[in-house]
Protein chains: 2
Amino acid sequence: MVGEYNNCNDATTITRVYKPDVVLMDIDMPGESGINGVRYVKEARPQTSVIMYTVFEDDEKLFQCLCSGANGYLLKQTPPQKLFDGIQEVIAGGSPMSPVIARKVLNSFQHGKSNKYFLSSREIEVLQLLIKGYSAKMIAADLNISFDTARSHLKNIYQKLHVNSGKEAIGKALGEHIV
Amino acid sequence: MVGEYNNCNDATTITRVYKPDVVLMDIDMPGESGINGVRYVKEARPQTSVIMYTVFEDDEKLFQCLCSGANGYLLKQTPPQKLFDGIQEVIAGGSPMSPVIARKVLNSFQHGKSNKYFLSSREIEVLQLLIKGYSAKMIAADLNISFDTARSHLKNIYQKLHVNSGKEAIGKALGEHIV
DNA sequence: TTATTACTCACTCAAATGAGGGATTGACAC
DNA sequence: GTGTCAATCCCTCATTTGAGTGAGTAATAA
């Protein structure tokens with residue numbers, strides 16, 4: 001145990017000086033958020049494992065932490081023995097997660113194909129080609145339909161997605177995992 | 001224990017008939033792959049929890065399983081007690097994962113920002129606006145530069161990304177996690 | 001039967017785009 | 001002090017695109 005702090009403002013230098021094997025990081029702290037804290041620690045010393053240890057099971061915060069490089073995510077309700085297990089596990093190269101968190105993480109892989117904009121199957125075909133970078137002309141050739149029909153489909157897709165251009169449609173489709 | 005099968009060809013009907021709480025699913029089986037097996041079970045009865053139980057720790061297979069809806073992923077080297085724990089955990093709404101798997105899953109969140117195409121910081125700014133669906137004119141306004149400069153940046157970006165249109169650039173940028 | 005919907009095709013027009021050319025400035029490296 | 005490069009700006013041209021409007025057919029639902 002090399003230290004204990006009530007904020008992570010000096011996380012970079014502390015990490016450089018003490019070279020900890022494991023850091024337990026809270027999210028809600030005075031000053032800098034623990035989400036940035038993860039980043040500081042990881043940038044200062046990538047080998048250091050960071051376990052988020054917090055009350056939050058908020059989706060947005062969770063994914064920000066994971067994207068920032070956290071190696072584990074335990075809720076504060078975790079019994080002490082499980083916390084020790086988690087620390088051992090992260091040293092051994094694992095990624096301890098509270099059950100609820102693990103479920104959220106896996107769920108994030110399964111968000112695919114919502115189609116909440118009610119695109120027809122033909123429209124989905126067209127959208128997929130559009131995402132591949134095809135022009136209206138190429139889409140028409142690929143689907144053996146006329147140029148104007150392809151454009152017609154595109155216009156309908158834009159309407160359903162509430163966008164005004166192919167670029168926006170691609171951004172929305174990829175961003176919201178529509179296809 | 002309602003059944004045990006050496007393939008998952010009839011997974012749909014079996015699931016409908018026996019309504020299992022939990023399914024342990026292997027990947028490598030005669031006939032249909034367990035990756036499709038997950039899908040069959042989940043489509044037949046979404047409430048049924050599926051734990052992958054296999055020797056594979058292959059990245060590609062892992063992510064296919066997760067995307068297909070698996071609720072857990074335990075390696076066959078898992079000690080029996082941990083396997084029982086995992087079954088309890090999945091029933092309680094958790095997602096049991098072997099440490100190696102958990103680590104791979106978390107790593108998949110951290111693949112961001114490669115910039116293997118050596119975009120300048122200004123070009124990244126422009127690309128981010130492009131992805132938001134901005135036109136050249138809007139990008140120019142947003143960055144307080146002239147219309148032609150914005151177009152100039154866009155052309156350079158397209159060259160670096162080896163694409164010929166904004167749509168392709170967006171697809172590539174989002175697909176390869178460049179930004 | 002009537003409506004609705006998906007899919008198909010056509011035409012027009014103004015605006016945006018991609019591709020080509022060239023030019024200046026300032027910073028930084030060798 | 002020469003060279004490189006990012007960033008800025010300008011011009012032209014053919015093509016593509018988005019938006020508007022209309023219309024025919026086939027399948028499905030009310």
Quick test: give all pairs of protein nitrogen or oxygen and nucleotides 26-30 of chain D nitrogen or oxygen below 3.5 Å, distance rounded to 0.1 Å.
none

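- Distance check: B/Leu127 CG to B/Arg122 CZ gives 13.5 Å after rounding to the nearest 0.5 Å.
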(request) Walk me through it: do A/Met25 and A/Val41 pass the test side-chain contact (heavy atoms from CB on, under 4.5 Å)? (result) CA-CA 10 Å; A/Met25 178 81 70; A/Val41 172; 3.9 Å; yes
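- Minimum interatomic distance between B/Ala44 and B/Arg16 (heavy atoms only, all atoms of both residues): CB-CG, 4.1 Å.
- Listed for the A/Arg45 side chain is a donor-acceptor partner under 3.5 Å among the backbone atoms of A/Pro20.
- How far CG of B/Leu130 is from CD of B/Glu123: 12.5 Å, rounded to the nearest 0.5 Å.
- For the helix from C/dT1-D/dA30 to C/dC30-D/dG1, the angle separating the two terminal helix axes comes to 50°, with each axis derived from five pairs and the value rounded to 10°.
- Using modelled atom types, no side-chain atom of B/Ser98 and backbone atom of B/Val100 make a donor-acceptor pair closer than 3.5 Å.
- Phosphate proximity of C/dT17 to A/Lys167: present, with a side-chain N or O under 4.0 Å from OP1 or OP2.
- Between the CG atom of B/Leu119 and the CD atom of B/Gln128 there is a distance of 10.0 Å, given to the nearest 0.5 Å.
- Counting heavy atoms from C-beta outward, A/Asn71 and B/Arg103 have side chains that approach closer than 4.5 Å.
- Atom CG in A/Leu130 sits about 13 Å away from atom C1' in D/dG18, given to the nearest Å.
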(message) Assess the residue pair A/Met52 and A/Leu24 against the criterion (side-chain contact (heavy atoms from CB on, under 4.5 Å)); give the C-alpha distance rounded to whole Å, side-chain angles, the decisive distance to 0.1 Å, and a yes or no.
(response) CA-CA 6 Å; A/Met52 301 310 294; A/Leu24 290 186; over 6 Å; no
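- Under the 3.5 Å distance criterion, with hydrogens and angles disregarded, no donor-acceptor pair is assigned to the side chains of A/Glu168 and A/Tyr158.
- A sub-4.0 Å separation between OP1 or OP2 of D/dC10 and a side-chain N or O of B/Ser152 is absent.
- Within the model, atoms CZ of B/Arg39 and OG of B/Ser33 stand 9.5 Å from one another, a figure rounded to the nearest 0.5 Å.
- Taken from CE in A/Met97 to CG in A/Leu66, the straight-line distance is 8.0 Å, to the nearest 0.5 Å.
- Distance from the side chain of A/Glu123 is smallest for C/dC7 among the nucleotides C/dT17, C/dC7, D/dA7.
- OP1 and OP2 of C/dT8 both lie 4.0 Å or more from every side-chain N or O belonging to A/Thr149.
- Straight-line distance from the NE2 atom of A/His153 to the P atom of C/dC9: 8 Å, rounded to whole Å.
- Separating the CD1 atom of B/Ile145 from the C1' atom of C/dT24 is a distance of 16 Å, rounded to the nearest angstrom.
- Heavy-atom nearest nucleotides on DNA chain D were determined for B/Ser121 and for B/Asp148, and the one closer to the 5' end corresponds to B/Ser121.
- Between B/Arg151 and D/dC9 there is no side-chain polar atom (N or O) within less than 4.0 angstrom of OP1 or OP2.
- Of the candidate nucleotides D/dT17, C/dC7, D/dC10, C/dC7 has the atom lying nearest to any side-chain atom of A/Arg122.
- Protein atom CZ of A/Phe118 is 16 Å distant from nucleotide atom C1' of C/dT4, rounded to whole Å.
- Remark: C1' of D/dC11 and CZ of B/Phe147 are 12 Å apart, rounded to the nearest angstrom.
- Contacts between residues 154-165 of chain A and DNA chain D, defined by a heavy-atom separation below 4.0 Å, involve A/Lys155, A/Tyr158, A/Asn164, A/Ser165, listed by number.
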